[in-house]
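In what follows, a single structure is set out as structure tokens and then discussed.
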Amino acid sequence: KHRSDPKFLYVHYNDTHHPYLPPKSHIEDYLGSMSESNAIDLSIDMGENLHQIIAEGCPYSDEEWKALTALYDSVLRYTDEQIGRLIDYANSTLTNPVVVLSSDHGELFGESGLLSHILLTDEAVSRVPLVVKGPTEIINHENERVQHIDVVTTLLNEIGCDTTSMQGVDLTSDQRKVSITQRAWPRAKRNLDAIADRGRDDIFDRVPEGMVTTFRTDNCLLN
């Protein structure tokens, strides 16, 4: 904070990753009927036995689903507060900082019989938040389709960097027509094999093999 040269800070908050373990102060607002200790044990077990639970068809009761989503909501709230602290500090220390808030993926809570963020490229996993604040033209876009690389390209163009080698769209002058999501095959195959080894051979019939590329427009979805 004592330097006058331009600053760039990248912060990755990992609290929302499974297992969902919010601080005690944030659990009670969402949890409901299950005890804190049982909910935490449930979340830890999900993280440690993810493939086995998926192989069994995610056999959670309504109470257990509510507990897992409550823990997730709790860590979201906690993370939101920590991000707020960072933004408040940046505003008090820097002159007109640009703040970009996004995520690398969402989470599955039983969609297609899956958990976490493995194997699929559907909306629950690939549609993530984007908040931009500060003296930047990127905040003027009208909620059109955006990918992470577009945000990077736009901001770099604003500060005079060469972005000719980048595949992003400058959101101040153009609009993305198609968004692309990809699922690599080697990691997906390890997950599929791990689930199949635990007794769910039909997983290969339900989840496509190979590299999966998803194209999305405002009107259609193509896998």
Side-chain angles (χ1 to χ4, degrees), residues 1-17 20 22 26 72-109 111 116-118 120-184 211-223:
K1 70 178 182 179
H2 299 295
R3 296 172 62 97
S4 60
D5 51 332
K7 300 170 180 65
F8 174 82
L9 178 66
Y10 171 84
V11 182
H12 190 120
Y13 293 88
N14 205 45
D15 302 88
T16 54
H17 199 283
Y20 318 119
H26 288 65
Y72 187 62
D73 288 341
S74 298
V75 293
L76 285 172
R77 176 188 165 198
Y78 172 72
T79 302
D80 178 70
E81 292 176 359
Q82 303 314 305
I83 294 171
R85 291 178 61 196
L86 178 62
I87 293 174
D88 287 344
Y89 184 77
N91 284 330
S92 67
T93 308
L94 305 172
T95 301
N96 293 326
V98 176
V99 179
V100 179
L101 171 64
S102 191
S103 175
D104 54 346
H105 57 73
E107 288 287 86
L108 297 164
F109 284 90
E111 295 93 336
S116 180
H117 45 270
I118 61 174
L120 298 182
T121 60
D122 65 5
E123 294 285 299
V125 175
S126 63
R127 187 170 184 175
V128 297
L130 173 64
V131 178
V132 182
K133 176 185 180 295
T136 167
E137 290 191 53
I138 192 175
I139 64 175
N140 295 323
H141 75 87
E142 298 295 334
N143 290 326
E144 61 260 24
R145 187 169 300 278
V146 177
Q147 291 200 215
H148 291 99
I149 190 62
D150 303 334
V151 181
V152 176
T153 300
T154 305
L155 291 175
L156 289 179
N157 280 342
E158 284 195 38
I159 61 175
C161 294
D162 181 8
T163 61
T164 55
S165 64
M166 303 178 71
Q167 297 180 1
V169 169
D170 188 328
L171 299 172
T172 64
S173 59
D174 202 353
Q175 182 175 337
R176 175 170 291 280
K177 304 295 190 298
V178 180
S179 57
I180 302 170
T181 309
Q182 289 187 311
R183 184 209 70 185
M211 170 73 81
V212 173
T213 302
T214 302
F215 300 92
R216 285 180 173 84
T217 71
D218 292 339
N219 300 312
C220 67
L221 169 66
L222 176 65
N223 284 324

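We use all heavy atoms of the structure for the numbers below, so side chains are in, but hydrogens, waters and symmetry mates are not. Note that the structure is predicted; figures quoted are calculated from it, not measured.
- Rounded to the nearest 0.5 angstrom, I159 CD1 and T136 OG1 are separated by 10.0 Å.
- We find the CD1-CG distance between I83 and D80 to be 6.5 Å, quoted to the nearest 0.5 Å.
- A salt bridge links E81 with R77: the distance from a Lys NZ or Arg NE/NH1/NH2 to an Asp or Glu carboxylate oxygen falls below 4.0 Å.
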For T121 and T214, what are the C-alpha separation, side-chain angles and deciding distance, and is it a side-chain hydrogen bond (donor to acceptor under 3.5 Å, both in side chains)? CA-CA 7 Å; T121 60; T214 302; 2.6 Å; yes
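- Using a 4.5 Å heavy-atom threshold, the side chains of L108 and D122 count as touching.
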Candidate pair V169 and I149, rule side chain to side chain contact (heavy atoms under 4.5 Å, CB included), full reasoning: CA-CA 8 Å; V169 169; I149 190 62; over 6 Å; no
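- Partner R176 forms a salt bridge (charged side-chain N to carboxylate O under 4.0 Å, His left out) with one of D170, D150, D218 and no other, that one being D150.
- Using a 4.5 Å heavy-atom cutoff, the side chains of R216 and E123 are in contact.
- Side chains of T217 and N219: a donor-acceptor N/O pair is absent below 3.5 angstrom, by distance only.
- One distance of note links OG of S103 with CZ of R127; it measures 13.5 Å at 0.5 Å rounding.
- Here the CZ-CD distance, from R145 to Q175, works out to 9.5 Å after rounding to the nearest 0.5 Å.
- Under a 3.5 Å cut-off, the side chain of E158 and the backbone N or O of E137 do form a donor-acceptor pair.
- Taking 4.5 Å as the limit, every side-chain heavy atom of T172 sits out of range of all side-chain heavy atoms of N140.
- Between P97 and L94, the shortest heavy-atom contact is CD-O, 3.9 Å.
- Of all heavy-atom pairs spanning V98 and P135, the tightest one is CG2-CD, 4.1 Å.
- Under the 4.5 Å side-chain criterion, counting only non-hydrogen atoms from C-beta, K133 is in contact with N91.
- A donor-acceptor contact shorter than 3.5 Å links the side chain of S92 to the backbone of Y89.
- The aromatic rings of H17 and H105 lie perpendicular to each other, with more than 60° between the two planes, well past the 30° mark.
- Inter-residue side-chain proximity for F215 and T213 is flagged as met; some heavy-atom pair is nearer than 4.5 Å.
- Closest approach of V125 and V128 over heavy atoms only: O-CG1, 4.0 Å.
- With contacts defined as side-chain heavy-atom distances shorter than 4.5 Å, the pair E111/L120 does not qualify.
- Applying the ring pair (Phe, Tyr, Trp, His ring centres under 6.0 Å) rule to Y13 yields no partners; only residues at least two apart in sequence or on another chain are considered.
- Scanning all heavy atoms of the two residues, the minimum distance from T154 to L171 falls at OG1-N, 2.9 Å.
- Remark: Q147 pairs with no residue by the side chain to side chain donor-acceptor pair (under 3.5 Å) rule, at least two apart or across chains.
- Nearest heavy atoms, M211 versus A184: SD-CA, 3.9 Å.
- Between the OG1 atom of T93 and the NZ atom of K7 there is a distance of 9.0 Å, given to the nearest 0.5 Å.
- Of all non-hydrogen atoms in I138 and L155, the two that sit nearest each other are CG2-CD2, 4.3 Å.
- At least one donor-acceptor pair closer than 3.5 Å links the side chain of S102 to the backbone N or O of P129.
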